[in-house]
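Each chain gets a letter, A, B and so on, in the order the sequences are listed, and its residues count up from 1.
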Protein chains: 2
Amino acid sequence: METETGIANLLAALSLAVMDRIEHGAREVVGRGGETPAALIVLGYGQGMTNDMLRRILGLSHSGTVRLVDRLVSDQLVERRPGKDGREVALHLTARGTASRKELLASRISAVTSLLDVLSPTETKRLGALIRELLARQDTSEMDRFTICRMCDDTVCTNCPLPTSKKKRDR
Amino acid sequence: METETGIANLLAALSLAVMDRIEHGAREVVGRGGETPAALIVLGYGQGMTNDMLRRILGLSHSGTVRLVDRLVSDQLVERRPGKDGREVALHLTARGTASRKELLASRISAVTSLLDVLSPTETKRLGALIRELLARQDTSEMDRFTICRMCDDTVCTNCPLPTSKKKRDR
DNA sequence: GATCAATATGTGCGCAGCGCACATATTTGG
DNA sequence: CCAAATATGTGCGCTGCGCACATATTGATC
């Protein structure tokens with residue numbers, strides 16, 4: 001019989017394997033690690049995102065985010081443009097940045113499908129339904145959602161299961 | 001309807017959330033990041049493990065592993081003892097190392113269960129069975145197994161689903 | 001048994017990624 | 001109009017890691 005903690009351990013092991021593959025592929029595509037790949041994906045969700053918004057989504061310090069953007073700019077993946085508010089910087093993906101982002105997302109999906117496709121279509125559907133339910137019932141703040149979805153493929157994830165507004169306080 | 005890639009995306013998002021929580025807890029427990037927590041867990045599987053074996057399991061460079069062990073030693077979590085073979089070093093957890101490892105494993109399991117317990121016992125069992133099947137059908141080398149299981153809780157994972165010997169070549 | 005390749009470890013050096021503390025510019029609120 | 005809040009940039013240092021090189025021990029070959 002499988003215990004509750006035994007199942008937790010299996011999910012943790014699977015998650016580690018999944019992230020190992022995703023991070024490996026991401027480093028091959030953009031040549032950088034840490035939160036840099038996630039930043040590239042997040043910035044593609046909406047052009048002109050602010051430095052500070054990016055910081056909150058990635059869960060980094062302020063200076064860490066500035067330097068991360070520095071790297072993206074020096075790699076010519078991102079442009080800093082003046083924001084509406086005179087203090088803000090509007091971050092925009094360059095053409096090259098958009099292309100890298102697309103590659104990155106494709107690499108990520110293929111990393112997971114290669115693990116997933118040992119299951120039959122029926123099993124896969126069942127797994128998908130359970131994961132969707134698991135995510136849907138989490139108590140996530142607005143910012144938590146962005147953080148969890150910071151590497152999600154918006155061309156693929158049509159209706160995100162994560163709840164939109166719950167009791168948890170934002171930060 | 002849920003597409004194959006849509007499910008892959010959900011699994012990737014969940015995996016990211018799971019690893020975020022695990023890594024956050026691990027850093028709180030041992031005060032270090034990267035592969036250091038995994039090293040501590042791996043070293044607990046069998047006392048006297050070699051530096052080089054650890055390196056292969058963690059997927060690090062040789063020097064990176066030496067420095068990682070340096071940190072563990074300076075934190076008084078690990079001892080370097082002479083190995084059977086005069087070249088080798090036998091890595092042993094100190095009492096403190098064993099205690100930290102136990103904390104680490106508990107923190108990891110609780111991080112996952114807190115995500116998991118929104119599911120009913122029946123749903124959880126179904127999810128566990130699917131993940132177990134997914135892992136069991138992977139084509140993993142001996143070393144892949146150790147790598148995937150490098151953070152696993154051996155007090156909880158009684159029968160690992162990962163296949164023992166497959167065609168894939170070791171390294 | 002001497003020599004050379006293979007194996008295992010340690011070290012000098014540098015880089016990537018990140019946080020803390022501080023400085024600066026703009027906006028907002030009283 | 002001025003102080004607090006907001007948003008960004010910088011100096012500095014640390015952690016985690018890889019590359020290239022050095023060293024020590026073992027195994028293989030003659």
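- Between A:D20 and B:R150 there is a salt bridge, since at least one side-chain N of the basic residue sits less than 4.0 Å from a carboxylate O of the acidic one.
- A salt bridge does not link B:E23 to B:R27: none of the charged side-chain nitrogens sits closer than 4.0 Å to a carboxylate oxygen.
- A sub-4.0 Å separation between OP1 or OP2 of C:dG17 and a side-chain N or O of A:R71 is present.
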Next item on the list: Carefully, step by step, assess A:R87 and A:D52 under the rule salt bridge (Lys or Arg N to Asp or Glu O under 4.0 Å).
Entry: CA-CA 11 Å; A:R87 303 168 279 194; A:D52 189 64; over 6 Å; no
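- Residues B:T50 and B:L91 form no side-chain contact, since every pair of their non-hydrogen atoms from C-beta on lies 4.5 Å or further apart.
- Counting only distance, with no hydrogens or angles, the side chain of A:R55 and the backbone of A:H62 share no donor-acceptor pair below 3.5 Å.
- Following rounding to the nearest Å, B:L68 (CG) and D:dC17 (C1') show an atom-to-atom distance of 10 Å.
- Side-chain contact check for A:L10 versus A:E2: some heavy-atom pair is nearer than 4.5 Å.
- A salt bridge does not link A:R101 with A:D153: every distance from a Lys NZ or Arg NE/NH1/NH2 to an Asp or Glu carboxylate oxygen is 4.0 Å or more.
- Residues of residues 23-48 of chain A that place a heavy atom closer than 4.0 Å to DNA chain D do not occur.
- Distance A:K84 NZ to C:dT26 P: 18 Å, rounded to the nearest Å.
- Taking atom CG of B:L72 as the reference point, atom P of D:dT15 lies 14 Å away to the nearest angstrom.
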Notebook entry, point to check: What string of B, S and - do you get for nucleotides 6-11 of chain D, 5' to 3', when a contact is any protein heavy atom under 4.0 Å?
Noted result: BSBBBB
Margin query: Applying side chain to side chain donor-acceptor pair (under 3.5 Å) to A:R108 and B:N9, what does each step give before you reach the verdict?
Written below: CA-CA 8 Å; A:R108 168 173 169 277; B:N9 186 72; 2.8 Å; yes
